[in-house]
Chemist: 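Sharing a structure here in structure tokens format.
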Amino acid sequence: MAGNPSASCSPRAAAIVAALCAVAVLSSGQGSPGAPWLDRVEPLGGQVGTSVEVALAGRHLGLPAGLEFDSPHLRAGPASAGSDGGLLAAVHISANAPPGPHIATLRTPRGRSNSRLFYVHETSAGRETEPNDTLPQAQPVELRPQTLHGMMPEIRDIDVFRFEARAGERWTFDLRSLEYGGFLENNLALLDADGRQVAFSDDRDDYLETPFVEHRFARSGTHYLRLDQYRGPQRVNCDENCGYMLRVGQLPVVEGAFPLGARQGSDVSLTLAGRGLADVERVWLRPVRRAEYYRMTFPHTIPVRVGDPAGVVVEALVSDRSEDSLTAAFSLPADAPAGLWRIWVRAPGGIDDSLSFVVSGHDEPPDCSQIRPVARGTACTGLLRAGAGRNEHWLDLAAGEDVVVTTLAAQLGLPRIDTVLELFDSQGAPLAEHDDLMSGQGTVIGNPDSFLHWRSERGGRYRLVVSDRIGRTGPDMAYRLHVERREPRFGLLSDPENLNVEAGRTLRLGVLMTPEPGFRRAVDVWLEDPPAGISAGPAAFREDQYFGPSGDADNVLIPTAFLDIAVGADLSPGDYDLRILGRAAGREWTVQAISTLWIGPPTKRNDVRRPVESVRLTVLDPGTTPGSPPRERAPAAGSR
């Protein structure tokens, strides 16, 4: 369930609840009183090569204001006053803008707002019009590849579209809000001319709570598409950000890939499994931009690349295709950016971008039976084939040696696999087992990938077994297996992503620690080389702080430390980047905190995040802040 509320922040709440409330308040951006808060950008996106007028709604959105993007391919004109206290801006999307989400932030006299997503799509755009809540009121649309943008601001709202279909044609209806910029949790029903349901979708797969309907029409004639919404007790206040994008097309559907990763400088033969692949025109890979980390859950076991490599695209040559499979070959440059990439597949009816691919500098044996634990890491792709159901891998370990084994599947976009890792000694005695990184499903917390740490008491051969939790096999049951000789480690997230403050003030910044299973050490945290005029005392995490689901399994307990950021009275207005580091007790290596923009609604547990390089501190000009006297503006020393 997405958008789950945190527990009540009452003074009598227990310590666990208090920890949850502290994290929720931080995530709402309330660390900067009176700072601008952007609830929504409406519509959620626009067509490449066009200009789109967007409405901006939120709090403290004063003029003059400008919408800024993390991509040079998108720019916005000066904002103007809109209705209901909001703003209007024209967004210009260049003809070569990369498809997918981009990060947008509003700059106002009160500082910078939180960030939102703006999605670039290739098909033409249409808009939903009210009233269209019932079949007699259904909005007529042409059945052709297009993206329909709509809103459901009221809990009773239902949107119905009417179209004419032809017998034998295959069409797809992909409804996107959660993970793509909105809070809306929908379901989608396809109805015939008499209103009888012929297809239905609530969640696209075991992870994504976005409906997807794929249907081949048995007969020609009038049909309806009905969009409804979740109305249960944990529904978010969708009036804040309840937009959606309905992608209508004949999309290729990719649900499996082999391999799931490769070494820099290698030649790769890629096999894709799915549906609607016979007409694929193009396959390409591109490094994931930071706005595209749509499965960045707790804990996230893929190294995060916070920069956006500009213009890096690897084309694949399609050599064989059928309705349910496709083979393509490509060569990775030796200097290909390491980390997460996305596989893009285009057919005449649209684009699929559902699966990811890992580019690494690790050893990548072609056969998983050859995998060996080394300090720099070894990786390979395994497949749970029909008739087997379990894959065995042998590890040679020395006495006292630490080994960390991870699987990547759900984090890469595989829709169903739920891996389980089991370790046995050479005699077959069970030693260790791990199922999920953390309990949870959808955009809440955790993911079903696995992480196993083992310290061998004596040297020898160990048998590692990988299986699906309920024994599933098939071409979409692939997993990436990663083996390293090391101890468990930890990650750091800073929250919120940006701070707005007047010179001479102090603000509190939260730092969240996400330990890998088995990590049990105290951690010191500090502000590294702050710009002149900015200071903060150190903070620390205890060794015994708990990380994991709360008692209701619907929230997550995240150890949190606080840095009090003091801004000197003479510090010039401007933007400053803050770098936060952490070190485990008794260890020399350090971890840099990643700042993350928060996609979910304020004070709600909705762990949909995107990585940002560092915390951005904006020192306000008193002359533009309500109630403050003007001050002569000087260059921001130390700003970047």
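Since the model is a prediction, treat every value here as computed from it, not as a measurement.
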Chemist: Is R610 salt-bridged to E179, going by a charged N under 4.0 Å from an acidic O?
Modeler: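 Salt bridge flag = yes for E179 with R610.
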Chemist: Quick one, T419 with S450, criterion side-chain hydrogen bond (donor to acceptor under 3.5 Å, both in side chains). Give me CA distance, side-chain angles, the key distance, then yes/no.
Modeler: CA-CA 6 Å; T419 59; S450 306; 2.9 Å; yes
Chemist: Flag the pair D174 and R176 as a salt bridge only when some basic side-chain nitrogen lies within less than 4.0 angstrom of an acidic carboxylate oxygen.
Modeler: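 Salt bridge between D174 and R176, a charged N being under 4.0 Å from a carboxylate O: yes.
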Chemist: Does E255 reach the main-chain N or O of G274 with its side chain, forming a donor-acceptor pair under 3.5 Å?
Modeler: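 Between the backbone of G274 and the side chain of E255 there is no qualifying donor-acceptor contact (under 3.5 Å).
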Chemist: If you measure from the Lys or Arg side-chain nitrogens to the Asp or Glu carboxylate oxygens, is any gap between E209 and R204 under 4.0 Å?
Modeler: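 No, this pair does not count.
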Chemist: Can you tell me how far the CG atom of L260 sits from the CG atom of L408, to the nearest 0.5 Å?
Modeler: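 Going from the CG atom of L260 to the CG atom of L408 covers 8.5 Å.
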Chemist: How are the rings of H121 and H149 set to each other: parallel, tilted or perpendicular (split at 30° and 60°)?
Modeler: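 The rings of H121 and H149 sit tilted, inter-plane angle from 30° to 60°.
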Chemist: Please report the interatomic distance CZ(F183) to CD(E240), rounded to the nearest 0.5 Å.
Modeler: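 With rounding to 0.5 Å, CZ (F183) is 6.0 Å from CD (E240).
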Chemist: Please check if the side chain of N114 supplies one atom and the backbone of L38 the other of a donor-acceptor pair under 3.5 Å.
Modeler: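 Judged by distance alone, yes, a pair lies under 3.5 Å.
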Chemist: Would you give the length of the straight line joining atom OG of S115 to atom CG of N498, rounded to the nearest 0.5 angstrom?
Modeler: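 The CG atom of N498 is 6.5 Å from OG of S115, to the nearest 0.5 Å.
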Chemist: For a salt bridge (charged side-chain N to carboxylate O under 4.0 Å, His left out) with E68, tell me which candidate from R107, R616, R75 qualifies.
Modeler: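 Checked R107, R616, R75 against E68; only one passes salt bridge (charged side-chain N to carboxylate O under 4.0 Å, His left out): R107.
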Chemist: Can we say E122 and R346 salt-bridge, meaning some charged N sits less than 4.0 Å from an Asp/Glu carboxylate O?
Modeler: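 So E122 pairs with R346 through a salt bridge.
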Chemist: Assess the side chains of D449 and Q411: does a donor N or O sit below 3.5 Å from an acceptor N or O?
Modeler: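 Their side chains do contain a donor-acceptor pair, which is all the 3.5 Å distance test asks for.
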Chemist: Quick check: H73 with H92 (ring centres under 6.0 Å apart)?
Modeler: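 No, ring centres 6.0 Å or more apart.
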Chemist: Give the intermediate values and the outcome of side-chain hydrogen bond (donor to acceptor under 3.5 Å, both in side chains) for residues R144 and S124.
Modeler: CA-CA 10 Å; R144 59 179 174 81; S124 61; 2.8 Å; yes
Chemist: With respect to L175, which candidate in V248, V213, N186, N187 satisfies the side-chain contact (heavy atoms from CB on, under 4.5 Å) definition?
Modeler: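 Result: among V248, V213, N186, N187, N186 is the only option passing the side-chain contact (heavy atoms from CB on, under 4.5 Å) with L175.
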Chemist: Roughly how far apart are E292 CD and H102 NE2, rounded to 0.5 Å?
Modeler: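 Rounded to the nearest 0.5 Å, the CD-NE2 separation comes to 7.5 Å.
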Chemist: Going by the ring-ring contact (aromatic ring centres under 6.0 Å, His included) test, name the single residue among W341, W344, F330 that passes it with F357.
Modeler: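 Result: among W341, W344, F330, F330 is the only option passing the ring-ring contact (aromatic ring centres under 6.0 Å, His included) with F357.
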Chemist: Ignoring hydrogens and geometry, is there a side-chain-to-backbone donor-acceptor pair from S177 to L184 under 3.5 Å?
Modeler: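 Indeed, once roles are kept as given, a pair shorter than 3.5 Å links the two residues.
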Chemist: Give a yes-or-no answer on whether the side chains of S356 and R342 include a donor-acceptor pair shorter than 3.5 Å.
Modeler: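 R342 and S356 do have a side-chain donor-acceptor pair below 3.5 Å.
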Chemist: Testing the 3.5 Å rule here: is there a donor-acceptor pair between the side chains of T123 and T147?
Modeler: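 Short answer, yes.
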Chemist: Does E42 come within less than 4.0 Å of R116, counting only side-chain N to carboxylate O?
Modeler: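 No, no charged N to carboxylate O under 4.0 Å.
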Chemist: Would you mind telling me which of L74, V91, T50, V52 makes a side-chain contact (heavy atoms from CB on, under 4.5 Å) with V120?
Modeler: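 Checked L74, V91, T50, V52 against V120; only one passes side-chain contact (heavy atoms from CB on, under 4.5 Å): L74.
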Chemist: In sequence, state the C-alpha distance, the side-chain angles, and the governing distance for E497 and V615, and then conclude on side chain to side chain contact (heavy atoms under 4.5 Å, CB included).
Modeler: CA-CA 5 Å; E497 61 173 298; V615 178; over 6 Å; no
Chemist: Between the side chains of R290 and D70, is the shortest nitrogen-to-carboxylate-oxygen separation below 4.0 Å, so that they form an ion pair?
Modeler: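 Judged by the 4.0 Å cut-off on N to carboxylate O distance, D70 and R290 do form a salt bridge.
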Chemist: Which distance, rounded to the nearest 0.5 Å, do you find between the OG1 of T407 and the NE2 of H482?
Modeler: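 One gets 12.0 Å once the value is rounded to the nearest 0.5 Å.
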